[in-house]
Amino acid sequence: MRFPYSVAYLACFFVFTIPARVAAQGDQFAVYDSFAQLEERIDDGAERILVINFWATWCKPCIEELPYFEALHCQYASKKLGVLLVSLDFKSQKEKRLRPFLQENGLCSEVVLLADQNADYWIPKMHADWDGAIPITIVINRKRKKIGFHHDQFKNYDDLVEFIRSYM
């Protein structure tokens, strides 16, 4: 029987997630009203490699793959790899849907809510091949100036890691 989570994820769960739930860390997230704020976060980050996942609480494939990003965050955080989870939930739903979801799941990764509704403007700025559907993952390697693009749900943690390694 194969478990859906790696050993690294389980270790991270016990070390980080349980204390995070106690401290209500999942309650913390930034709200960006404009795409410019997200661009600034991406540009100013200290990570050598930044993995950006666009998702929403109403997107079943997005929710199914979130544990893989949490495991990635835990396994590679010390290697200058950052994970940024960009929620595309509606700002009006942040208290009813997003905050409870984050609290319930105790996510350790950085989460931001992008409330800029002018998607026709910012989607092609993120990647020319993005049609607006989610989930989508973009990888930025600052040192090598490489950008990766994955348009679909990752089926397991190993697939996510394999995709990321090609940009490391």
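- Two rings, from F154 and H150, have their centers less than 6.0 Å apart.
- For the pair N105 (side chain) and L107 (backbone), a donor-acceptor distance under 3.5 Å is absent.
- Between F54 and W130, a ring centre-to-centre spacing shorter than 6.0 Å is recorded.
- Using a distance-only test at 3.5 Å, with no hydrogens or angles considered, no donor-acceptor pair links the side chain of R142 to the main chain of I49.
- A salt bridge between K155 and E65 is absent, with no side-chain N of the basic residue lying under 4.0 Å from a carboxylate O of the acidic one.
- Looking only at distances, no side-chain donor or acceptor of D116 sits under 3.5 Å from a matching main-chain atom of S34.
- Pairing each heavy atom of S109 with each of V83, the nearest pair is OG-CG1, 3.8 Å.
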Could you walk me through whether M126 and I52 satisfy the side-chain contact (heavy atoms from CB on, under 4.5 Å) test, starting with their C-alpha distance in whole Å, then the side-chain angles of each, then the deciding distance to 0.1 Å, before giving a yes or no?
CA-CA 10 Å; M126 283 306 304; I52 307 166; 4.1 Å; yes
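- In summary, E104 and R97 do not engage in a salt bridge, as defined by a charged side-chain N under 4.0 Å from a carboxylate O.
- Using cut-offs of 30° and 60° on the angle between ring planes, the pair W55 and F101 is tilted.
- E162 and Y157 form no side-chain donor-acceptor contact under 3.5 Å, judged by distance and modelled atom types alone.
- Environment of CD in E40: sparse, with no more than 12 heavy atoms of neighbouring residues, nucleotides or ligands closer than 6.0 Å.
- Between the side chain of Q153 and the main chain of E64, no donor-acceptor pair closer than 3.5 Å is present.
- Across every non-hydrogen atom of A119 and P124, the tightest pair is O-CD, 3.9 Å.
- Tested against F29, the residues V112, L85, L98 include a single side chain to side chain contact (heavy atoms under 4.5 Å, CB included) partner, L98.
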